[in-house]
Number of protein chains: 2
Amino acid sequence: MATAHTAAEGVGRQPRVRPTQRERSDATVEDLLTAARALFASAGYAATSLDAVCERAGVTKGALYHHFAGKKQLFSAVYTREQERLAARITGAYRAAAADPWQAVFEGCRAYLEASLDPEVQRITLFDAPGALGWEAMRDLGVNCRELTQKGIARAIRKGAIPDRPADPLTSMLYGGLSESAMAVVRAPDPQAALDEVLTDLRRLFDALAAGS
Amino acid sequence: MATAHTAAEGVGRQPRVRPTQRERSDATVEDLLTAARALFASAGYAATSLDAVCERAGVTKGALYHHFAGKKQLFSAVYTREQERLAARITGAYRAAAADPWQAVFEGCRAYLEASLDPEVQRITLFDAPGALGWEAMRDLGVNCRELTQKGIARAIRKGAIPDRPADPLTSMLYGGLSESAMAVVRAPDPQAALDEVLTDLRRLFDALAAGS
DNA sequence: ACACTCACATACCTTCGGTATGTATGTTTC
DNA sequence: GAAACATACATACCGAAGGTATGTGAGTGT
């Protein structure tokens with residue numbers, strides 16, 4: 001049986017003799033989020049028990065409920081982190097090609113797609129999040145990838161890289177399409193070949209959109 | 001407290017003095033599916049208890065577990081029915097425009113999109129199904145709308161209505177995009193206007209795809 | 001150094017999915 | 001047509017899991 005401090009000290013954090021309360025909190029939250037993300041990603045939201053999360057994190061449910069309002073909130077925090085990581089990758093790819101606004105969107109889409117191929121990311125963001133959080137909660141949860149897509153498209157339109165149009169419909173089609181594509185690619189007999197096909201087709205789609213009136 | 005026969009007789013079925021076993025079974029399954037679909041649609045999969053389903057159906061859990069292996073199977077049956085209803089609407093719209101293979105796909109997409117605006121359909125097929133059933137189970141569950149989309153696109157390619165390309169990537173983009181669009185449209189400040197925008201943009205997308213090389 | 005808050009641990013409650021068993025009602029067989 | 005059997009449930013119960021109430025010891029402000 002592990003004590004409350006074992007987890008915090010075990011991760012390489014310097015074992016302070018008298019850790020401040022803020023440090024304890026942060027470490028505990030970190031442990032909980034790490035444990036929760038691992039279990040949510042492998043077993044899924046419903047099949048993950050809070051007891052298992054607590055055991056893995058080396059704390060009890062008292063600690064969990066002190067920092068999170070409940071299972072949904074815990075998952076929400078994990079989901080938010082996942083979105084932030086995805087957003088960082090997308091933004092990085094986008095910025096690297098920002099000179100060409102439409103090409104930048106393409107690179108952002110490629111980054112989102114490739115990142116979403118990770119089964120763990122997929123389980124959290126694509127399978128469990130809608131049912132567990134609901135669409136509105138997902139939308140209003142800090143930075144999300146859909147918003148990035150929308151901004152990228154809006155910029156491409158403003159810059160005249162693609163014909164003028166409202167940004168929202170295309171945002172939904174792109175974002176939803178890429179999400180579904182990620183799920184299909186991973187389950188394909190030859191995922192690598194499927195990914196190549198998807199990217200090739202996405203390229204043609206982008207060209208067609210740029211050429212359209 | 002209702003007796004076991006109340007539900008079956010209450011729906012207008014002619015109250016036979018000695019109903020055959022097949023009739024009893026069918027009536028019970030029907031009652032269970034109707035009750036389950038109502039609760040799953042309004043409260044969601046996780047928040048729906050089997051006790052509530054049984055109470056609404058006028059039977060007990062013994063009956064439920066006699067006809068279904070468990071909660072997941074019950075939801076699966078409800079989901080399958082929903083997909084069949086959607087597929088029927090899509091096929092109807094598609095056939096009506098089948099003379100033009102690409103236009104037929106457009107009409108099928110429009111039908112899928114409009115049918116998916118129903119919050120109850122959305123809750124079952126778009127929010128809860130992925131998490132509760134998993135992607136593979138959804139795919140292998142009889143007739144599904146994604147498969148219809150794929151066939152329509154493949155036909156349009158064979159007929160030369162759009163430039164030659166693999167059908168799968170475009171299928172994912174279209175199907176996923178429409179699903180996401182349906183969710184966005186319903187939550188828009190002005191859903192009707194949002195739907196019009198989406199359909200207009202979809203039209204442009206189809207034209208661009210047909211024109212592309 | 002004293003009161004006070006924070007960060008948990010412990011114990012318990014309730015709900016709910018699932019199962020084991022009992023029973024009445026068709027259904028088949030001789 | 002009556003025994004033998006299968007079907008279609010109802011009833012009672014179990015265990016897991018989300019959530020809560022309460023206790024406690026370690027930091028923290030005054």
Checklist line | salt bridge (charged side-chain N to carboxylate O under 4.0 Å, His left out) against A:E114, all qualifying residues, sequence neighbours excluded | finding: none

Next item on the list: Mind checking salt bridge (charged side-chain N to carboxylate O under 4.0 Å, His left out) for B:R187 and listing every partner two or more places apart, or none if nothing turns up?
Entry: A:E136

Could you list the protein-to-nucleotides 18-22 of chain C atom pairs, N/O on both sides, closer than 3.5 Å?
from: C:dG18; atom 1: OP2; to: B:Y65; atom 2: OH; distance (Å): 2.8
from: C:dG18; atom 1: OP2; to: B:K71; atom 2: N; distance (Å): 2.9
from: C:dG18; atom 1: O5'; to: B:Y65; atom 2: OH; distance (Å): 3.4
from: C:dG18; atom 1: N7; to: B:K61; atom 2: NZ; distance (Å): 2.9
from: C:dG18; atom 1: O6; to: B:K61; atom 2: NZ; distance (Å): 2.7

Check: Sequence neighbours excluded, which residues qualify as salt bridge (charged side-chain N to carboxylate O under 4.0 Å, His left out) partners of A:E147?
Finding: A:K151

Check: Can you pull the ring pair (Phe, Tyr, Trp, His ring centres under 6.0 Å) pairs that have at least one residue in residues 172-199 of chain B, sequence neighbours excluded?
Finding: B:Y112-B:Y175

Check nucleotides 14-16 of chain D for protein N or O atoms closer than 3.5 Å to its own N or O atoms and list the pairs.
none

Check: Can a salt bridge be assigned to the pair A:R85 and A:E82 using a cut-off of 4.0 Å between side-chain N and carboxylate O?
Finding: yes

Notebook entry, point to check: With sequence neighbours excluded, what pairs up with B:R81 under the side-chain hydrogen bond (donor to acceptor under 3.5 Å, both in side chains) test?
Noted result: B:E30

Checklist line | Partners passing ring pair (Phe, Tyr, Trp, His ring centres under 6.0 Å) against A:Y94 (at least two apart in sequence or in another chain) | finding: none

Between side-chain atoms of residues 165-172 of chain B and protein atoms elsewhere (two or more places apart, or another chain), which donor-acceptor pairs fall under 3.5 Å?
from: B:R165; atom 1: NE; to: A:D201; atom 2: OD1; distance (Å): 2.9
from: B:R165; atom 1: NH2; to: A:D201; atom 2: OD1; distance (Å): 3.1
from: B:R165; atom 1: NH2; to: A:D201; atom 2: OD2; distance (Å): 3.2
from: B:T171; atom 1: OG1; to: B:A167; atom 2: O; distance (Å): 2.7
from: B:S172; atom 1: OG; to: B:R146; atom 2: NH2; distance (Å): 2.3

Review item, nucleotides 4-7 of chain C N/O atoms under 3.5 Å of protein N/O:
from: C:dA7; atom 1: OP1; to: A:S25; atom 2: OG; distance (Å): 2.7
from: C:dA7; atom 1: OP2; to: A:H66; atom 2: NE2; distance (Å): 3.1
from: C:dA7; atom 1: O5'; to: A:S25; atom 2: OG; distance (Å): 3.3

Margin query: Test: salt bridge (charged side-chain N to carboxylate O under 4.0 Å, His left out). Region: residues 60-73 of chain B. Which pairs qualify, not counting sequence neighbours?
Written below: B:D51-B:K61

Notebook entry, point to check: Rounded to the nearest Å, what distance is computed from the CG atom of residue A:D26 to the C1' atom of nucleotide D:dG27?
Noted result: 15 Å

Next item on the list: Measure the distance from CZ on B:F68 to C1' on D:dC9 and round it to the nearest whole Å.
Entry: 14 Å

Margin query: Taking salt bridge (charged side-chain N to carboxylate O under 4.0 Å, His left out) as the definition, give me every residue that meets it alongside B:R155, ordered by chain and number, with sequence neighbours left out.
Written below: none

Notebook entry, point to check: Relative to the 5' end of DNA chain C, which residue comes earlier, A:T60 or B:A47, by the nucleotide with the nearest heavy atom?
Noted result: A:T60

Notebook entry, point to check: How close or far is atom P of D:dA8 from atom CG of B:D31, stated in whole angstroms?
Noted result: 15 Å

